[in-house]
Each structure stands twice: as structure tokens, then as C-alpha cells.
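Following: one structure in C-alpha cells, then a few remarks.
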Amino acid sequence: METFINDYITKERLKPYLRKTNYNLKKALKLYEININYSSELYKLLSILEISLRNLVNKRCIDLFGYDWLTNIKWDIHYIMIDKVIRNRTTTEKTRLEMEKIFSVQEDILKDTIDRLKEEDKPITNDYIVSRSIFSFWTRLFNKAYENILWDKSLTNIFSRQFTRNKIEHILNEFRWLRNRIAHNGCVIDMKYSPENYYNKILNLLEIINPKLSNWAKKQVNEELFS
């Protein structure tokens, strides 16, 4: 057992499970197996949420800025926002710098996405960019920097119930952290919320977007695991 752990899993990775089982290696391994099951099922829900959200946001942005809003984002969104900030004399230097930093990160993400498509000899179209862009790009669109031009005008309509932009941003960031933990084979039973709590939170948000979407997503996972 010791050799197996050292060669393939390592005790370092098992640390959070060992702590929870009073350093009982056999029980820690069992907990590790349970964590794999939780991660697998939660990732299904996160996948549905991510794809649904980016498609919904993309549709709203197409309505606002046109089909090529992603390839012209520097001018259609970021340039407009920075121009408004500069014209607004009440905006602090700190706010302006924070917005510029966020916009710079977003533009870099888009550039990387487009560069990868070019390397693969894929067409630089809206559909391809949306399908290849990372989750953080879409969650960041709910940041305060985009509030006036995106949230107030369009993104708020994605959610049928009343939510503040700040609340939605917080929820989406929690899901992004969970997604990253799962993607890096981390421990999801040692996070801020329990796997059962995350399960309910994701389904609740999907239900707010559309009850049919939530019901369909629920059928894709092992519900008994979270009961």
C-alpha cells in the first residue's frame, strides 16, 4: 500500500483526505474515491452551465453589438467603456486603472483564442471563438467594469428573478473556482461549501435561467450521490 501511494498518488495529494480521516490511509483512499465521484458528477453540471451561459451572453451581445462583437471587442465594448470613463470627471484614477486591467486581460484571452484557431487553420468566426473561449472570459463580463454597457442593458435579462450584478458575479466566480479545482484533480470535499451544496447551487441557477434546463441537467447526474 505504501509503495502504491508513493508511486502513483503520493501522500502529498492525499493530505486533505488524511486530515479528515485522522491519518488513516485506508479510509483516506476511500474518501479519495468518493471525491472522484463527486468531481465527475459536479463537472457535468458545470459543463452544462458554462455552455448555456456563454451562449446566452453571446446572443445578448450580438443583439447589442452585432455578430462580430468578439473580433471587434476592443472597439465595440472596451474602447467605448474607457471613453466614457475618461469623459466622466467623477471617475477616480483607481477605478479607471482597475477597468483598464480587466479589459486588458479580456483582450489577451480573445487574442490567445484567435491565435489558437489560426494555428489549427480554423475560421475566425463567432461560433468558433465562443466554443474555444475559457469560462473566466464569460464570468468576467459580469464584473462591475461592464455594468453600464452590458448588465444594465442586457445581461440582467438572462435571469428571470431579481439578482444584483454583484450577486451573480459572486456566484459565477464560486463555480469557476470549483471548476478549476476539479480540472486540476483537487479535493472538492474540502472547499467552502459541500459537494451537495454546490450541486444545489448550480441547479438553482440553471432553474433561474430556465426550469427546463435545470430539469434536463438533473437527469445527467447521479442524484443519489447528493441526497
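Just so you know, these numbers use all the heavy atoms, side chains as well, and skip hydrogens, waters and symmetry mates.
Between Glu147 and Lys144 there is a salt bridge, since at least one side-chain N of the basic residue sits less than 4.0 Å from a carboxylate O of the acidic one. Using a 4.0 Å cut-off between charged side-chain N and carboxylate O, Lys111 and Asp115 make a salt bridge. Between Glu50 and Arg54, at least one side-chain N (NZ, or NE/NH1/NH2) sits under 4.0 Å from a carboxylate O, which counts as a salt bridge. Salt bridge annotation for Lys101-Glu98: absent, with no cationic side-chain nitrogen under 4.0 angstrom from a carboxylate oxygen.
Taking the six-membered ring for Trp and thresholds of 30 and 60 degrees, Tyr32 and Tyr17 have ring planes more than 60 degrees apart, a perpendicular arrangement. In this structure, Phe159 and Trp151 have tilted ring planes: the angle between them lies in the 30° to 60° band.
Looking only at atom types and distance, the side chain of Trp69 has a donor-acceptor partner in the side chain of Asn58 under 3.5 Å away.
Checking side-chain atoms of Ser154 against main-chain N and O of Leu150 turns up no donor-acceptor pair under 3.5 Å. Proximity of a side-chain donor or acceptor of Asn35 to a complementary backbone N or O of Val188 within less than 3.5 Å is detected. The backbone N or O of Asn185 sits less than 3.5 Å from a side-chain atom of Arg13, completing a donor-acceptor pair. Remark: the backbone N or O of Leu203 is paired with a side-chain donor or acceptor of Ser214 at under 3.5 angstrom.
You'll find the side chain of Thr156 stays beyond 4.5 Å of the side chain of Ile168, heavy atoms only. Proximity of Phe137 to Leu70: side-chain heavy atoms (C-beta onward) are separated by under 4.5 Å at one or more points. You'll find the side chain of Phe135 stays beyond 4.5 Å of the side chain of Leu46, heavy atoms only. Side-chain contact check for Tyr199 versus Leu225: every heavy-atom pair is 4.5 Å or farther apart. Looking only at side-chain heavy atoms (C-beta outward), Ile124 and Tyr128 stay at 4.5 Å or farther from each other. Here the side chains of Trp177 and Lys192 are not in contact, with every heavy-atom distance at 4.5 Å or above. In this structure the side chain of Asp112 never reaches within 4.5 angstrom of the side chain of Ile134, judged on heavy atoms. Side-chain contact between Trp138 and Asn55: absent, with no pair of heavy atoms (C-beta onward) separated by less than 4.5 Å.
Cluster annotation: Tyr8 and Leu29 are assigned to the same hydrophobic cluster (Ile/Leu/Val/Met/Phe/Trp/Tyr, side-chain heavy-atom contacts under 4.5 Å, transitive). Hydrophobic clustering keeps Ile109 apart from Ile51 (ILVMFWY residues linked when any side-chain heavy atoms are closer than 4.5 Å, directly or through intermediates).
Of all heavy-atom pairs spanning Pro195 and Ile189, the tightest one is CG-CG2, 3.7 Å. Listed here is the closest heavy atom pair of Asp190 and Cys187: CB-SG, 3.5 Å. Residue Leu64 comes nearest to Ile149 through the heavy atom pair CD1-O, 3.9 Å, listed as atom of the first residue, atom of the second, then distance. Heavy-atom minimum distance, Arg60 versus Asn157: NH2-O, 3.9 Å. Of all heavy-atom pairs between Ala28 and Leu14, the closest is O-CD2, 4.3 Å.
Note that CG of Leu18 is 6.0 Å distant from CG of Leu25, once rounded to the nearest 0.5 Å. Considering CG of Leu49 and CG of Leu206, their distance stands at 5.0 Å, rounded to 0.5 Å. Atom CD1 of residue Ile114 and atom CD of residue Glu107 lie 10.5 Å apart, to the nearest 0.5 angstrom. To the nearest 0.5 Å, atom CG of residue Asn204 and atom CG of residue Asn197 are 9.5 Å apart. Rounding to the nearest 0.5 Å gives a distance of 8.0 Å between OG of Ser136 and CG of Asn180. Atom CD1 of Ile62 is separated from atom CG of Asn126 by 4.5 Å, given to the nearest 0.5 angstrom.
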Check: Step by step, would you call Asn173 with Arg176 a side-chain contact (heavy atoms from CB on, under 4.5 Å)?
Finding: CA-CA 5 Å; Asn173 281 333; Arg176 181 169 57 83; 3.2 Å; yes
Item checked: Chi angles and distances behind the side-chain contact (heavy atoms from CB on, under 4.5 Å) call for Asn37, Asn222 -> CA-CA 9 Å; Asn37 290 329; Asn222 180 6; over 6 Å; no
Note to self: Walk me through whether Ser52 and Ile209 qualify under side-chain contact (heavy atoms from CB on, under 4.5 Å).
What the structure shows: CA-CA 9 Å; Ser52 301; Ile209 294 173; 5.5 Å; no
Margin query: Run the side-chain contact (heavy atoms from CB on, under 4.5 Å) test on Thr21 and Lys30 for me, step by step, so that the C-alpha distance in whole Å, both residues' side-chain angles and the decisive distance to 0.1 Å come before the verdict.
Written below: CA-CA 10 Å; Thr21 57; Lys30 185 61 180 179; over 6 Å; no
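Just one of Glu207, Glu41, Glu224, Glu223 meets the salt bridge (charged side-chain N to carboxylate O under 4.0 Å, His left out) condition when paired with Lys218; it is Glu223. Of the candidates Arg165, Gln106, Glu169, Met99, Gln106 is the only one forming a side-chain contact (heavy atoms from CB on, under 4.5 Å) with Tyr146.
In Lys44, the NZ atom is crowded: over 12 heavy atoms of neighbouring residues, nucleotides or ligands sit closer than 6.0 Å. Around NZ of Lys201, the count of heavy atoms belonging to other residues, nucleotides or ligands within 6.0 Å exceeds 12.
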